[in-house]
J.: 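The structure is given below, and queries will be raised subsequently.
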Amino acid sequence: MPRRRSASRRAERTIAASGVLALATAAAVTGLAPASSSASSHREAPMTAGDPRADNTDVYAFTSPDKPDTITLVANWIPFQEPNGGPNFYPFASDARYNIKIDADGNGKPDTTYTWEFTDHIRDDADQFLYNTGVVKSLNDQTLNFRQTYSLKVTDSSGKTTTLLKDAPAAPSNVGKASMPDYASLRKQAVLPLPEGGQTFAGQASDPFFLDLRIFDLLYGGDLSETGHNTLAGYNVNTVAIQVPKKAVALKGDATRNPVIGVWSTTDRQGAAVTGKGSGDAKAKDAQGAPDKGGEASWRQVSRLGNPLVNEVVVPLKFKDAFNALSPEKDATITPVVDKVKDPIVPKLIQNIYGVPAPATPRNDLVEIFLTGICKECGPIKADLNSQRLNADVDKTKVVPAEELRLNMAIPPAAKPNRLGVLGKDLAGFPNGRRLNDDVVDIELQALEGAAQTGKIVPALAAGDAVDTPYREPGDSFPYVALPNTAAVNQADSLHPDGGVGAGLGGLVSGDGFPVVPVTAVAGGALLACAGGMALRRRRAGQV
């Protein structure tokens, strides 16, 4: 299938041995048997699949490229938003808490927690059913019938909570060009300064995650013919983002001595009960089995996300909701986690199916990547990158293996970012934090196949899933996420995200607007044996 690309990039790439790449990180981290899933942590567990407003989809953490003395943290919720999903569209839940948590000392517990809580406002609910009743030019327009505000609070490791913002406006869902002709202006109004430096945003965005999810059609069609299609193209998500000075999240406020942090996001619901049996109990109960009486103690974590592709593709149905309720400091107490990280299933599956040799075990390199962070004293990779053990003031006796997205804030932004991050010799990218353009699916597959040990890309797997960029390119300034889509998703393959005719059945349009002739596969996409495994060779038919 033809794909949207700039004219300077190849329209198709060789795809080899990628039948289980969506399972990569998940198997490495948890080692449990695979189950059906959706992208990243989109609809990954029974409870969150039935409660999309509580469903974390992705977390990003990176040094701000235009303000390198700050870091930006982005977390997304409510997956697979069809842009035309009115009349109610996609508000944040007003009975939930949305959190981004930071662990500075490596004990698996949050030292800093940012919490967003939303409130609904309806101007006329008796005589209107519309989200907006006319053209919306400002967040305060009377024509915006439904709007949301939020409070933003920060909690330190001692439990002290400070309110940073109150009654702050969130950007609305993008209804369309007739209703919101200048949505970029509305989004700009929702970017707000913080009292002690930094800024925050809450609102809708184009989903930045990218991959081909047709892995579940018998491993890309059974013959690797179903690749190169971004399953998330055209969909939106709800985003909370915050940009703060590095000292605000560093251990003891000193980002020079203590530059490494661990990041994850969670959702809390009041009165929710989480069990390991699927969808939870009908009535919420406290830890002793008594019905909830409300108050602070009745808030419970129902969703969690650090590194991408963990819960949804590996944890069996019986344990998915329980994993979502778990705090990272408890990860190391689950025996299958550590055991299966050292002897993961995925490389064996790839060897059996595609002939690519599995790296020797034990896989202590994967323990570093996903559970401890990378440092010379942590394991075999022998590089100091992003373990909290590198912080000068950390108590190493209290550092525990924990599934977190770790970022070394001392590493400056890359002048020319590489989508493969650290594996592409770009230390500012995944798994050192995660940027919006990092190709985590391809990176994680390479890590599972031993690239972190050798320092070299595994040639047979170099093509990944042939989806290398988000549907919409991220912006150059905070909040960086792209503006939300307005075209119906069933048109996403035939419309360029900027509104022009794009990569449909009849042709391909480059990022520069030049038409590109569709790609044809050699010999109908036949599989060709190669020394490193199985490769699907394709060639371009030509380009104008």
Side-chain angles (χ1 to χ4, degrees), residues 25 28-29 59-65 68-73 100-113 156-157 244-264 306-307 328-329 331-332 338 341 363-414 417-418 420-435 438 440 443-444 447 451-453 455:
T25 301
V29 177
V59 176
Y60 303 85
F62 51 90
T63 294
S64 308
D69 59 333
T70 71
I71 63 160
T72 295
L73 308 174
I100 296 180
K101 301 185 176 184
I102 299 99
D103 172 17
D105 57 12
N107 66 358
K109 301 177 182 180
D111 297 297
T112 305
T113 300
D156 63 21
S157 58
V244 294
K246 293 176 178 178
K247 65 181 181 181
V249 294
L251 181 62
K252 295 187 176 182
D254 190 338
T256 301
R257 288 177 55 82
N258 306 301
V260 180
I261 58 173
V263 180
W264 69 101
N307 286 289
E329 82 269 12
D331 290 344
V338 177
V341 166
R363 295 297 303 279
N364 292 320
D365 58 319
L366 299 181
V367 174
E368 282 191 77
I369 292 169
F370 299 116
L371 296 179
T372 67
I374 297 170
C375 70
K376 292 178 180 178
E377 65 178 89
C378 297
I381 296 180
K382 302 306 177 187
D384 285 337
L385 181 65
N386 66 345
S387 170
Q388 283 106 324
R389 288 178 172 273
L390 300 175
N391 291 336
D393 297 320
V394 76
D395 182 350
K396 294 183 180 181
T397 64
K398 296 182 179 180
V399 176
V400 299
E403 195 277 291
E404 301 173 358
L405 180 64
R406 290 176 172 83
L407 171 67
N408 186 335
M409 299 183 290
I411 295 175
N418 188 304
L420 294 180
V422 174
L423 291 180
K425 303 187 186 305
D426 176 0
L427 299 183
F430 186 77
N432 182 34
R434 181 184 177 188
R435 301 166 301 194
D438 285 341
V440 295
I443 295 169
E444 290 167 355
Q453 296 183 49

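Along the sequence shown, the residues carry numbers beginning at 1. Basis for what follows: all heavy atoms, side chains included, without hydrogens, waters or symmetry-related copies.
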J.: For P328, does its backbone N or O pair with a side-chain atom of E403 as donor and acceptor, under 3.5 Å?
T.: no

J.: What's the spacing between L407 CG and T63 OG1 if we round to 0.5 Å?
T.: 5.0 Å

J.: Give a yes or no on whether the backbone of W264 and the side-chain of E404 come within a donor-acceptor separation of less than 3.5 Å.
T.: no

J.: What heavy-atom pair brings A402 and G108 nearest, and what distance separates the two atoms?
T.: CB-CA, 4.2 Å

J.: Rounded to the nearest 0.5 Å, what's the gap from CZ on F62 to CD1 on I71? Could you check?
T.: 9.5 Å

J.: Minimum heavy-atom separation for E368 and G379, please, with both atom names.
T.: OE2-C, 3.0 Å

J.: With side-chain contact (heavy atoms from CB on, under 4.5 Å) as the criterion, how do I261 and M409 come out once you've worked through the C-alpha distance, each side chain's angles and the decisive distance to 0.1 Å?
T.: CA-CA 8 Å; I261 58 173; M409 299 183 290; 4.0 Å; yes

J.: Got a donor-acceptor contact below 3.5 angstrom from the D395 side chain to the T397 backbone?
T.: yes

J.: Are any non-hydrogen side-chain atoms of D331 and P401 less than 4.5 angstrom apart?
T.: no

J.: At what distance, to the nearest 0.5 angstrom, does CG of D156 lie from CD1 of I102?
T.: 12.0 Å

J.: Before you tell me yes or no, could you show the steps for K252 and R257 under side-chain contact (heavy atoms from CB on, under 4.5 Å), namely the whole-Å CA-CA distance, both residues' side-chain angles and the distance that decides it to 0.1 Å?
T.: CA-CA 9 Å; K252 295 187 176 182; R257 288 177 55 82; over 6 Å; no

J.: If you compare all heavy atoms of I374 against all heavy atoms of C378, which two are closest, and at what distance to 0.1 Å?
T.: C-SG, 4.5 Å

J.: Rounded to the nearest 0.5 Å, how far does CG of D438 lie from CG of D426?
T.: 7.5 Å

J.: Under 4.5 Å between any side-chain heavy atoms of D384 and N408, yes or no?
T.: no

J.: Tell me the closest heavy-atom pair linking K382 and K376, and the distance in Å.
T.: NZ-O, 3.4 Å

J.: Which atom pair, heavy atoms only, marks the closest approach of L385 to V422?
T.: CD2-CG2, 4.0 Å

J.: Distance from I381 atom CD1 to L366 atom CG, nearest 0.5 Å?
T.: 8.0 Å

J.: Just wondering, do F430 and L405 contact through their side chains at under 4.5 Å, heavy atoms?
T.: yes

J.: Is there side-chain contact between T112 and S157, with heavy atoms separated by less than 4.5 Å?
T.: no

J.: Under the 3.5 angstrom rule, does the side chain of K246 hit a backbone N or O of P68 as a donor-acceptor pair?
T.: yes

J.: Within the distance-only criterion (no hydrogens, no angle test), does the side chain of N386 pair as donor or acceptor with the backbone N or O of G373 below 3.5 angstrom?
T.: no

J.: Examine distances only and state if a side-chain atom of R406 and a backbone atom of I369 form a donor-acceptor pair shorter than 3.5 Å.
T.: no

J.: For D103 and G106, indicate whether the former's side chain and the latter's backbone hold a donor-acceptor pair under 3.5 Å.
T.: yes

J.: With rounding to the nearest 0.5 Å, note down the distance linking CD in Q388 to CG in N258.
T.: 10.5 Å

J.: Determine, step by step, whether T72 and S64 satisfy the side chain to side chain donor-acceptor pair (under 3.5 Å) criterion, reporting the C-alpha distance in whole Å, the side-chain angles of both residues, the deciding distance to 0.1 Å, and the verdict.
T.: CA-CA 6 Å; T72 295; S64 308; 2.8 Å; yes

J.: Could you tell me whether a side-chain N or O of D111 sits under 3.5 Å from a main-chain N or O of A104, the two making a donor and an acceptor?
T.: yes

J.: Would a distance-only check, ignoring hydrogens and angles, find a side-chain to backbone donor-acceptor pair under 3.5 Å from D365 to P380?
T.: no

